[in-house]
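Before any comments, here is the structure.
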Amino acid sequence: MLIKRLNQQNRQNFKLDSGVGHESDKMQILLIHSDYIEYETKKSTPVAEKIGDELKKGRMEEALTVFIAVEKTDEENIEHCAKQTVHEIKKVTEQVKTNRIMLYPYAHLSSSLSSPKAAVEALKKIEELLREASFEVKRAPFGWYKSFTIKCKGHPLSELSRTIREGGEKCGTPVKVEKEEVVSEALKSEAKATSYWHILTPDGELLNPDGFNFTGHEKLKKFVNYEIHKSRAVDKIPPHVELMRRLELADYEPGSDPGNMRFYPKGRLMKSLLENYVLEEAAKKGAMEVETPLMYDMNHPTLKKYLDRFPARQYSIEADKKMLFLRFAACFGQFLMNHDMTISYRNLPLKMVELTRYSFRKEQSGELVGLRRLRAFTMPDMHTLCRDTEAAKSQFFEQYNMCINVLSKIGLDLSDYEVAIRFTRDFYEENKDFIVGLVKTVNKPVLIELWDQRFFYFVLKFEFNFVDAMDKASALSTVQIDVENADRYGIKYIDSDGKENRPLILHCSPSGAIERCIYALLEKANMNSEKGIVPMFPVWLSPTQVRIIPVAEKHIDYAEKVASEMDCRVDIDDREETVGKKIRDAGKEWIPYVAVVGDEEVNGDDLTVTVRAESLPNKPANIKMKVSELNERISCEVLGFPFKRNPLAMKLSARPRFV
RNA sequence: GCCUCGGUGGCUUAGAGGUAUAGCGCAUCCUUGGUAAGGAUGAGGUCGAGGGUUCAAUUCCCUCCCGGGGCUCCA
């Protein structure tokens, strides 16, 4: 049986590896997962089946539409063909998760049609079998000219609509295609290659996730659940959404497109620090920082090929007569730059890094959540050109460790995220020890996804996935070994023998999206808070590191003197409020050090400092220390991290409120 | 994108076919206060936008925008 599915470029024929394909089974079907399908009979043909008025019009919501052409050779064994067809339909319904089916006789799928009698018999058989399998089935009548409207799930894809329209015009059937994508990329991929899920332990045991004992690895269990079973989440608003606003970090911007946020001074500061930190870590590994355009020509031959490989998820804009798209990663600019460079094997591994502010992905609006998933986000994107597989592996391992280090400095350690490693079977067979080495490094079981064929551009990738309070997983760091794009972009280096070679390319985001790091920090702090741990940011990231609270107005001068002796982000709460109120407000801002100054401090040498990291809920830890001791303590905590000055007025009375 | 729930001063919110409640915040004043909310007074609202039904709509109906959750997706 040949199954025809549409992809975005054209209709492609390919066999499923399900073992049910026989050359003799020629029934042609075309499957479209549709928001709705609607038809209306126009005129009967000489071969029309007799129908009542109720079948002259039909509509089905949220259905898998199955266009069918029964072919000459099917007549020999209609029963068998019908069964095989039903089998295939079932498989697809499982993938797209629907139990509603519209059967639609569609002659134009074949040039060798069966007799009308056989066709009707086959259709009825299929309908009956599907009903027995408790599907909700409708069938459009055979032998009528019909008009139909179908709305496919997904994105507008022009090539497809042409294909369908041509088919429709040929037989005089008006077809209105509103929007289409047909069978999603993932589905297409699944048809080509199958994912096998495993758990790999530090001892190198490859286990079945279903039988794995997750005791002590509850988060991994949640992650596996999320990845394989796509578990349902509970009804709860994500805590970070409230926190990002309450802490005046970031907010929605209704005046823009969804998923494009505004960042207030404190949020901008945190982003800026994180950005600089990650860039600096990349630079330490020898990466050269570059800057490339945000928008690219959609019709550039190389880019076009790349875009065609993926579902349309980009913003596009028209400028003059050009169609441009906004980048969704730094790959485009860097690869185009690599293409024009003269690179010797002596220059390898060659690293370039760019902080994309922004990367744009037009994610489906229903999928956007706070800082977790955005349409415009900031991502450090580093690419490493490697001479051969050995060099790529060695770089991969080095960058794997860099990612662990970067996340831990940001405030997310190994217990906060789960590791997924994904690779092709071939790569695994040749590099088992290498893979196990990755698992040993983190010393905990990891999720493995193994493909029997490569269908993305990479042969190996890992991600670190943060698992939040709603059991949702989000990828942070990732490294991938790309075996395809050097060729696509014509990137080459001159080897020691003087010949041109294609490098392997590593894609690495040491931290993942910066906004997502903030999301993870906020979610982690919230989970801590529920566990009875006082929530806070790492000191180097805290918008205010020290707050000075003068007891009365007469102590403000002294507070200013102390502030001038501090070399960190310090502010003064000079508002006319009670000390209690000011302490409470400082706590609400998660300020790591709060120093109250009154007569005692003015007349003595010490400050009275509330140290957040040592406090318990409702039990502030108050420690007496000299200004120099506080300075010393903070400078140890921020050593090696970027620093930016206070983003707001030093005196709180001079600050506006943003939220 | 689809399904579903929601949108009331800057924020959180009560309420109802007759234009509206409270707290926080803000302003002014009193209090000059020592570790998680001191007190008083006041300003501030086209009740998300547009259309419809009605004598009358913020309330009922439709469309749209924005947000939450689910589905789908995540190069």
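First the proteins, then the strands, lettered A, B, ... as listed; each starts at 1.
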Revision key, fill the gap. Contact string for nucleotides 62-67 of chain B, one letter per nucleotide 5' to 3', B = base within protein heavy-atom range under 4.0 Å, S = sugar-phosphate only, - = neither, reads ----SS
Point to revise | Counterpart residues, side-chain hydrogen bond (donor to acceptor under 3.5 Å, both in side chains), relative to Tyr264(A) (two or more places apart) | key: Asp251(A), Arg262(A)
Review point. Looking at residues at least two apart in the chain, or sitting in another chain, which of them share a ring pair (Phe, Tyr, Trp, His ring centres under 6.0 Å) with His507(A)?
Key: Phe335(A), His383(A), Tyr457(A)
Review point. Based on Watson-Crick and G-U pairs with both distances under 3.5 Å, what dot-bracket line describes RNA chain B 5' to 3', crossing pairs as [ ] and inter-strand pairs as |?
Key: (((((((..(((.....[...))).(((((.......))))).....(((((..]....))))))))))))....
Practice item. Could you list the residues that satisfy side-chain hydrogen bond (donor to acceptor under 3.5 Å, both in side chains) with Arg268(A), not counting sequence neighbours? Key: Glu275(A)
What pairs of nitrogen or oxygen atoms, one from the protein and one from nucleotides 35-39 of chain B, lie under 3.5 Å apart?
unit_1, atom_1, unit_2, atom_2, d
U35(B), O2, Thr610(A), OG1, 3.3
A37(B), N7, Arg584(A), NH2, 3.4
A37(B), N6, Arg584(A), NH2, 2.5
A37(B), N1, Arg584(A), NH2, 3.3
G38(B), OP1, Thr578(A), OG1, 3.2
G38(B), OP2, Thr578(A), OG1, 3.1

Exercise for review: Please list, chain by chain and in numerical order, all residues satisfying side chain to side chain contact (heavy atoms under 4.5 Å, CB included) with Pro510(A), sequence neighbours excluded.
Suggested key: Val278(A), Pro380(A), Met402(A), Val406(A), Cys508(A)
Check your understanding: Of all residues at least two apart in sequence or in a different chain, which pass the ring pair (Phe, Tyr, Trp, His ring centres under 6.0 Å) check with Tyr519(A)?
Key -> His240(A), Phe466(A)
Check your understanding: Using a cut-off of 4.0 Å between protein heavy atoms and nucleotide atoms, how would you tag nucleotides 4-14 of chain B 5' to 3' with B, S and -?
Key -> ------SSS--
Revision key, fill the gap. Residue set satisfying side chain to side chain contact (heavy atoms under 4.5 Å, CB included) with Ser529(A), at least two apart, ordered chain then number -> Pro535(A)
Point to revise | Any residue meeting ring pair (Phe, Tyr, Trp, His ring centres under 6.0 Å) with Phe427(A), in chain and number order, not counting sequence neighbours | key: none
Revision key, fill the gap. To the nearest angstrom, the CZ-C1' distance between Arg372(A) and G69(B) comes to 12 Å
Practice item. Go through the structure and list residues passing ring pair (Phe, Tyr, Trp, His ring centres under 6.0 Å) with Phe464(A), not counting sequence neighbours. Key: Tyr400(A), Tyr417(A), Phe462(A)
Revision key, fill the gap. side-chain hydrogen bond (donor to acceptor under 3.5 Å, both in side chains) test vs Lys624(A) passes for just one of Asp605(A), Asp606(A), Thr608(A), namely Thr608(A)
Point to revise | Under 3.5 Å donor-acceptor pair, Arg313(A) side-chain atoms to C73(B) base atoms | key: no
Practice item. Starting from C1' on C24(B), measure out to CD on Glu242(A) and report it in whole angstrom. Key: 14 Å
Point to revise | Separation of atom CD in Gln480(A) from atom C1' in C74(B), rounded to whole Å | key: 12 Å
